[in-house]
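Some notes on the structure that comes next.
Just so we're on the same page: letters track the sequence lines, and every chain starts at 1. Predicted model, so just to flag it, every value in this text is computed and none were measured. The figures here come from the full heavy-atom set of this structure, side chains too, leaving out hydrogens, waters and symmetry mates.
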Protein chains: 2
Amino acid sequence: MGAMTRAEAADMPDDGARKTPDRLRRQASRLLSQLTARSDRLINEGLAQVDARKWHYAVLASLQEYGPGSQAELSRRSGIYRSDMVGVLNELAERDLVERVPDPDDRRRNIITISARGRRRLPRLDKVLDDLHDELLAPLSPAERDQLVQLLTRLLDHHTRTS
Amino acid sequence: MGAMTRAEAADMPDDGARKTPDRLRRQASRLLSQLTARSDRLINEGLAQVDARKWHYAVLASLQEYGPGSQAELSRRSGIYRSDMVGVLNELAERDLVERVPDPDDRRRNIITISARGRRRLPRLDKVLDDLHDELLAPLSPAERDQLVQLLTRLLDHHTRTS
DNA sequence: GTACATCGTTAGTCGAACTAACGCAACGGG
DNA sequence: CCCGTTGCGTTAGTTCGACTAACGATGTAC
């Protein structure tokens, strides 16, 4: 099992002596970035093991939940920039998880559809992500996890609506 | 004053129709990265307005709280990689906020000291950061802010101790 | 004294988030 | 019917943070 993808000792600032100044340790922004760094790594490594990336999941889930759509629409649904969508869809198409066909009614558009294979893939990814989140949130009780999600959601909403 | 640094309408996936799939919207990892992106931008822009960066603050605060140290030690205290420390210290030295002198007792080391100017600078940065965090956490009550910090701290601790 | 660890530094990788600009197609109004 | 605007897919490129690798010089332990 010991796939050693993560930082192996050595070089990283590991806060060994715990001399990190208090002011720093309490900063919400700092906690956020550090935790997010770990979280992202965790998720990316976990998904990599099943040949997926988080954008894949975002697109597939969006297709499942709202049906086919143009690339631009998927971009809006999933929060991926339209410029990055191209690559994600290429990867998904390579894996036969989506189909990309030109829209006959609007020749600017491609219509993206989730494939049978893609549909079969989703539950698997759901499971993987669930497990990873379990690892991520391990120290928290279910109630605390909800709290966290709540708080984060409120903050994010605030900062998206006030653009 | 209208420095328009942030994303100006137009292109970004703004979740206008709020068609983001539920599964995505509840994912802690996703909430974290999105919120962190905003948070980082907020902090960076705010600090840029007083010609600072967050690493500057981290180093200065660490020097203030624990006294002078070698670059490697500062790196450990502040969580900056030793390879990135060089640049940060260059910037701080340019601004006369720290002094970097070779350690006579160990000629591999530089000893970094906070300057008088650096010491005067800190309260200013503290204030700026306080205000920015106020903006960041605006929708939360004081109690909720504490809760958030608590939860994040516990998670981060967990993931640093279990390496 | 020789192996090993540590320090400062340089260089470079990787992924995420984002901007700019393109050619093309569709839409809306005069 | 043309025309300006808007939306689409795509390519390219920037910036930033996090991180790895390797270097030469120095110090430490056996």
What integer distance in Å separates [X]:[atom1] from [N]:[atom2]?
| X | N | atom1 | atom2 | result |
| --- | --- | --- | --- | --- |
| B:Asp105 | D:dT28 | CG | P | 10 Å |
| B:Arg82 | D:dA18 | CZ | P | 17 Å |
| B:Asn44 | C:dA16 | CG | P | 19 Å |
| A:Ile111 | C:dA25 | CD1 | P | 17 Å |
| B:Glu45 | D:dT15 | CD | P | 15 Å |
| A:Glu91 | D:dT10 | CD | C1' | 16 Å |
| B:Ile43 | D:dT15 | CD1 | P | 22 Å |
| B:Leu74 | C:dT6 | CG | P | 17 Å |

Within the pair [X] and [N], is there a side-chain N or O less than 4.0 Å away from OP1 or OP2?
| X | N | result |
| --- | --- | --- |
| A:Asn90 | D:dT10 | no |
| A:Arg38 | D:dG17 | no |
| B:Arg100 | C:dT9 | yes |

Closest-nucleotide mapping onto DNA chain D: is A:Ala37 or B:Asp106 further toward the 5' terminus? I mean the 5' end. A:Ala37
If you assign A:Arg109 and B:Lys54 each to the DNA chain D nucleotide with the nearest heavy atom, which residue ends up on the more 5' nucleotide?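 Nearest nucleotide further toward 5': that of A:Arg109.
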Nearest to the side chain of [X] - [options]?
| X | options | result |
| --- | --- | --- |
| A:Ser83 | D:dT26, D:dT11, C:dT9 | D:dT11 |
| A:Tyr81 | D:dG7, C:dT19, D:dG9 | C:dT19 |
| B:Asp84 | D:dA21, D:dA18, D:dG27 | D:dA18 |
| B:Arg53 | D:dG17, C:dT19, D:dG9 | D:dG17 |
| A:Ser70 | C:dA17, C:dT9, D:dG9 | D:dG9 |
| B:Ala72 | C:dA25, C:dG8, D:dG17 | C:dG8 |
| A:Arg107 | C:dA25, D:dG9, C:dC7 | C:dA25 |

With hydrogens left out and only the distance checked, is there a donor-acceptor pair under 3.5 Å joining B:Arg108's side chain and the base of D:dG27? no
So, B:Gln71 and B:Arg109: side-chain donor and acceptor under 3.5 Å apart, yes or no? no
Using a distance-only test with no angle check, is there a side-chain donor-acceptor pair under 3.5 angstrom linking B:Ser62 and B:Arg77? yes
Is [X] salt-bridged to [Y], going by a charged N under 4.0 Å from an acidic O?
| X | Y | value |
| --- | --- | --- |
| A:Asp157 | A:Arg154 | no |
| B:Asp96 | B:Arg121 | no |
| B:Asp103 | B:Arg107 | no |

Please examine the side chains of A:Tyr81 and A:Ser75, heavy atoms only from C-beta on, and report whether any two atoms are closer than 4.5 Å. no
